Amino acid sequence: MPDPVRILCLGGSTRPGSSSEQALRVSATAARRLGAEIEVIAGRDLILPIYDTETRERPALGTRLVKAVRRTDGVIIASPGYHGSMSGMIKNALDYLEDLRNDDRPYLDGIPVGLIAVAYGWQATASTLSGLRTTVHALRGWPTPLGAAVNASTPIFGVEGNCVDDSARFQLETVAEQVTSFAQQRAHTRSEMYLGVG
Ligand SMILES: Cc1cc2nc3c(=O)[nH]c(=O)nc-3n(C[C@H](O)[C@H](O)[C@H](O)COP(=O)(O)O)c2cc1C
């Protein structure tokens with residue numbers, strides 16, 4: 001059996017019961033079901049000081065985030081729509097990936113990234129998703145074909161955090177499936193190259 005691929009799930013807001021964190025966890029659960037090893041960094045664990053270019057000192061949570069990205073095979077990111085784009089907390093967390101610029105695999109180079117935008121209306125879900133895609137492209141990641149746009153102005157999650165909206169669940173599970181299968185294919189190709197197969 002090959003090692004499971006690792007998928008890092010980032011996102012949510014500082015709010016207890018955050019709908020974007022619940023959306024993230026629905027995707028995380030789907031990716032785990034598909035055989036991925038999941039790490040979740042969500043909510044208040046993403047409250048980081050503004051990324052500071054003038055020091056190499058980083059808070060422990062910033063170092064944890066950068067290390068987790070360095071070893072992952074895929075990423076899923078969920079942000080609430082704040083004033084038409086991703087929240088400052090999520091953008092600032094992604095700015096910490098600048099610390100990966102000199103790695104052999106810089107930033108999110110070549111890895112699949114599933115994106116989830118949750119807002120209180122369709123307009124902000126679309127613009128937030130678009131902003132997330134732009135940032136992931138800048139970080140050299142490969143956004144999956146489907147991004148999840150979740151309009152939380154109607155009930156989406158049950159008390160257990162389960163997704164009670166069929167359309168939202170389909171999107172969240174499809175994003176997980178696309179990230180996981182792409183990561184698995186890349187891992188398979190890498191191992192064949194290593195073994196000199198083909
Ligand atoms: C500061 C702030 C700005 C927001 N801006 C928008 C917005 O522009 N459009 C929108 O539809 N919802 C907006 N919302 C609502 C959130 O996108 C929505 O409540 C989302 O579900 C919050 O995510 P959370 O449940 O993970 O905290 C805003 C909420 C906050 C707190």
Side-chain angles (χ1 to χ4, degrees), residues 7-33 36 38-51 59 61-62 64-65 68-69 72 74-97 108 112-139 141 143-144 146-179:
I7 307 290
L8 175 63
C9 301
L10 303 174
S13 72
T14 55
R15 208 171 62 77
S18 157
S19 51
S20 50
E21 181 172 338
Q22 289 185 86
L24 181 72
R25 290 185 185 279
V26 170
S27 279
T29 300
R32 186 179 288 118
R33 267 201 310 268
I38 301 300
E39 182 174 2
V40 179
I41 305 183
R44 306 190 80 84
D45 283 346
L46 290 170
I47 301 182
L48 302 172
I50 286 291
Y51 179 75
L61 288 174
R64 176 191 173 195
L65 171 67
V69 173
T72 200
V75 178
I76 299 175
I77 303 170
S79 176
Y82 277 9
H83 306 141
S85 192
M86 77 186 88
S87 68
M89 183 176 86
I90 299 297
K91 178 58 167 61
N92 185 47
L94 295 176
D95 287 344
Y96 272 73
L97 306 194
L108 297 172
V113 184
L115 297 170
I116 301 165
V118 183
Y120 238 61
W122 291 117
Q123 187 167 291
T125 59
S127 55
T128 300
L129 200 48
S130 170
L132 285 164
R133 281 204 173 115
T134 299
T135 299
V136 167
H137 276 146
L139 289 166
T144 55
L146 186 76
V150 178
N151 182 345
S153 65
T154 58
I156 301 289
F157 300 104
V159 279
E160 306 285 320
N162 55 313
C163 190
V164 296
D165 180 279
D166 287 345
S167 160
R169 191 175 53 251
F170 172 78
Q171 292 182 72
L172 296 169
E173 290 179 350
T174 303
V175 164
E177 191 275 323
Q178 291 182 348
V179 172

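Note that ligands are numbered from 1 as they come in the structure, with each ligand's atoms numbered from 1 the same way. Treat the numbers as computed from the prediction; the structure is a model and nothing was measured.
The one candidate from V150, I156, T125, N151 that meets the side-chain contact (heavy atoms from CB on, under 4.5 Å) condition with V118 is V150.
Residues passing the ring-ring contact (aromatic ring centres under 6.0 Å, His included) test with F170, sequence neighbours excluded: none. With sequence neighbours excluded, the residues forming a salt bridge (Lys or Arg N to Asp or Glu O under 4.0 Å) with R64 are E39, D45, listed by chain and number.
Note that CZ of R44 and CE of M89 are 8.5 Å apart. Values are rounded to the nearest 0.5 Å. With rounding to the nearest 0.5 angstrom, the CG atom of L172 is 13.5 Å from the CZ atom of R25.
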Give every donor-acceptor pair under 3.5 Å between a side-chain atom in residues 76-84 and any protein atom, sequence neighbours left out.
| residue | atom | partner | partner atom | Å |
| --- | --- | --- | --- | --- |
| S79 | OG | S87 | N | 3.1 |

For each nitrogen or oxygen atom of ligand 1, which protein N/O atoms lie closer than 3.5 Å, and how far apart are they, rounded to 0.1 Å?
| residue | atom | partner | partner atom | Å |
| --- | --- | --- | --- | --- |
| ligand 1 | 5 (N) | G81 | O | 3.4 |
| ligand 1 | 5 (N) | H83 | N | 2.8 |
| ligand 1 | 8 (O) | H83 | N | 3.1 |
| ligand 1 | 8 (O) | G84 | N | 3.1 |
| ligand 1 | 11 (O) | Y120 | N | 3.0 |
| ligand 1 | 11 (O) | G121 | N | 3.3 |
| ligand 1 | 12 (N) | Y120 | N | 3.4 |
| ligand 1 | 14 (N) | G81 | O | 3.3 |
| ligand 1 | 17 (O) | G81 | O | 2.6 |
| ligand 1 | 21 (O) | S19 | OG | 2.9 |
| ligand 1 | 25 (O) | R15 | NE | 3.3 |
| ligand 1 | 25 (O) | R15 | NH2 | 2.6 |
| ligand 1 | 25 (O) | S19 | N | 2.8 |
| ligand 1 | 25 (O) | S19 | OG | 2.6 |
| ligand 1 | 26 (O) | S13 | OG | 3.3 |
| ligand 1 | 26 (O) | S18 | OG | 2.6 |
| ligand 1 | 26 (O) | S19 | N | 3.3 |
| ligand 1 | 26 (O) | S20 | N | 3.0 |
| ligand 1 | 26 (O) | S20 | OG | 2.6 |
| ligand 1 | 27 (O) | S13 | OG | 2.6 |
| ligand 1 | 27 (O) | R15 | NE | 3.0 |

